Number of protein chains: 2
Amino acid sequence: MLPQSRRELILRTLRADGPSEVRSLADKLGVSQATIRRDLEQLDADGKLTRVYGGAMTLEADEVDDPFAQVAAERADDKDAAARTAAAMVQDGETVLLDIGTTMHRLAHHLHGKRITVVTSNLAVFDELRDDVDIELVLLGGVVRRRYHSLVGFLTEDNLRQVHAGRLFLGTSGVRGDGAVMDTTLVEVPLKRAMIKAADQVVLVADGGKFPGVGVARVCGPDDLDVVVTTASADPATRLALQEAGVDVVQA
Amino acid sequence: MLPQSRRELILRTLRADGPSEVRSLADKLGVSQATIRRDLEQLDADGKLTRVYGGAMTLEADEVDDPFAQVAAERADDKDAAARTAAAMVQDGETVLLDIGTTMHRLAHHLHGKRITVVTSNLAVFDELRDDVDIELVLLGGVVRRRYHSLVGFLTEDNLRQVHAGRLFLGTSGVRGDGAVMDTTLVEVPLKRAMIKAADQVVLVADGGKFPGVGVARVCGPDDLDVVVTTASADPATRLALQEAGVDVVQA
DNA sequence: AAGAGTTTGCTCAACTCTGCTCGACTTTGG
DNA sequence: CCAAAGTCGAGCAGAGTTGAGCAAACTCTT
């Protein structure tokens, strides 16, 4: 068995069975606990899982299939930097709409302490903010998608037609060279479009590793974006394409 | 069990079941009280819960549903019996709509293992069922009311107009002598009415202590009910009034 | 076929977690 | 107001976990 395969198997096991101990993983995969520890250490550094005393837990089932996984180590910090910068834009009294995905969860983490209204169908955001009494929290209806920690479906779209937010923070699987925002999860595309319609200002939060990036479906073009928050590693050409389309590109 | 998993389980337990004692948590999780104390200490330091003498509670004040809250504690067995009987009516494949309130949370607890679709705006029900992969869970949108563990507002009503369920399980603060269903929380009344419209069959679940009972607002009359699940202590006169209105009164 | 570089399993000291005990403190019920 | 019961936090020892170092096995290149 290849080390890389073993690591993917570890991630799959975590996603299927939840938190696992070092011992059980070692037994299951037929290697020593020392090897598992090294695997977990690396996967944690890559931001693929959360290392805890005695084992590991899943983080999210977000970008596991990400072809840019090699640079993910730097990108964990990158992602958080982008999320923090985006969160800093939010002023007390605002109403913000938060997309699905781990980036938005990190962003929500940096919203603590603000007196704002947050609208979302992201269950990770909901869990993060549900006990923060300073934040008015509005959850969009929908079918619970456990793997993606989100609510989706026509109920969500329906709710989105009834709400309005000053600012939308949008996530993505990648931004194409021409500035188009892409996504890999088809069911989310109509939701993202509905969110764009429901907000005055659209802020795309995407660490540099997503420039240029791919995805199955096109969510929107650069014309629909007002601001893009990214990091230093973003591809200059894509960046230029966005700026030429009139998008304000902010570097975290 | 990983220490970290245990801590998350503690938080989830608190959200689902309300304030817990150190002893009951220790029993439930199979560890010593000393360990629970250390967990609570850490979670309190992290701002995840509020430590109180003898146990812990969620950050927000406890769910004081109605003036009957104290009585509810004493009537726990009664309430649970009614909830269990009501849950037993549900067959695999059904779609059920669950009202707000602690009774519905107990009912949800007895739904584990069934392959059904549950629609609700009750966050305690959501917490109870969110990890049960056999259950398709649909959450109605709305504003998070932390004190009541629920989602309310026009988004909820809007979603309710779009969904349909075979059966609605309805809670109440009390049933009047003439069979009218009452409620103390005004904001929930339009929701309950919308739920009644969205379901083929309306099942009121109310332990005997709510017969006869009061409330500020009238939710619906006995004509809107199909079945009432209650317990032995229910007032016979109110019971008769219901039966005369054609309601099937089931005793748990 | 040999060498460089990586991966793996083992050992060991440091650390963390857990359950226990004990004295101090808080709550409860007279 | 007092005493009994329960709860708390500190300290301790044992069990388990961790990361570092090291040698053997393996892979890839030359």
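These figures come from a predicted structure and were not determined experimentally.
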F169(A): which of T103(A), L204(A), L107(A) passes side chain to side chain contact (heavy atoms under 4.5 Å, CB included):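 Among the candidates, only L107(A) passes.
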
Quick one: L25(B) CG to dG19(C) P, roughly how many Å, whole number? 14 Å

Integer-rounded Å distance: dT18(D) C1' and E21(A) CD: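 It works out to 15 Å between those atoms.
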
More than 12 heavy atoms of other groups within 6.0 Å of H110(B) NE2: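 Check passes, neighbour count above 12.
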
Interatomic distance, R23(B) CZ vs dC8(D) C1' [rounded to whole Å]: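 Nearest whole value for this atom pair: 14 Å.
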
Does dT18(C) have OP1 or OP2 under 4.0 Å away from a side-chain N or O of S32(B)?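 For dT18(C), neither OP1 nor OP2 has a side-chain N or O of S32(B) closer than 4.0 Å.
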
Rounded to whole angstrom units, what separation is found between the CZ atom of R38(B) and the C1' atom of dT16(C)?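 From R38(B) CZ to dT16(C) C1': 11 Å.
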
Rounding to an integer number of Å, can you tell me how far Q4(A) CD sits from dT27(D) P?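 These atoms are roughly 16 Å apart.
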
Salt-bridge present (D127(B), R130(A); N to O < 4.0 Å): yes

Out of V125(B), V138(B), V90(B), which residue meets the side chain to side chain contact (heavy atoms under 4.5 Å, CB included) rule with V118(B)? V125(B)

Any side-chain N or O of T35(A) below 4.0 angstrom from OP1/OP2 of dG9(C)?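 Indeed, a polar side-chain atom of T35(A) lies that close.
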
Give a yes or no answer on whether the side chain of D99(A) reaches the backbone of G171(A) with a donor-acceptor pair at less than 3.5 Å. yes

Whole-Å distance between dT18(C) C1' and L2(B) CG?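 Going from L2(B) (CG) to dT18(C) (C1'), I get 14 Å.
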
What is the distance, rounded to the nearest whole Å, between atom CZ of R6(A) and atom P of dC26(D)? 15 Å

I36(B) CD1 to dG6(D) P, straight-line distance once rounded to whole Å: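 That distance rounds to 19 Å.
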
Would you call R239(A)-D235(A) a salt bridge at under 4.0 Å N-O? no

Record whether the side chain of R37(B) comes under 3.5 Å of the base of dG19(C) through a donor-acceptor pair of N or O atoms. no

Find the bend of the helix from dA1(C)-dT30(D) to dG30(C)-dC1(D) as the angle between its two terminal axes (five pairs each), to the nearest 10°.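 Between the axes fitted at each end of the helix from dA1(C)-dT30(D) to dG30(C)-dC1(D) lies an angle of 40°.
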
D92(A)/K114(A) salt bridge by N-O under 4.0 Å criterion: no

Residue closer to the 5' end of DNA chain D, E41(B) versus V22(A) (nearest nucleotide): E41(B)

Any ion pair linking R7(A) and D39(A) (charged N to carboxylate O, less than 4.0 Å)? yes

How would nucleotides 21-30 of chain C be written as a contact map, 5' to 3', with B for base contact, S for sugar-phosphate-only contact and - for no contact, using protein heavy atoms under 4.0 Å? -----BS---

Can you find a heavy atom in the side chain of E128(A) that is under 4.5 Å from one in the side chain of L98(A)?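 Answer no - side chains too far apart.
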
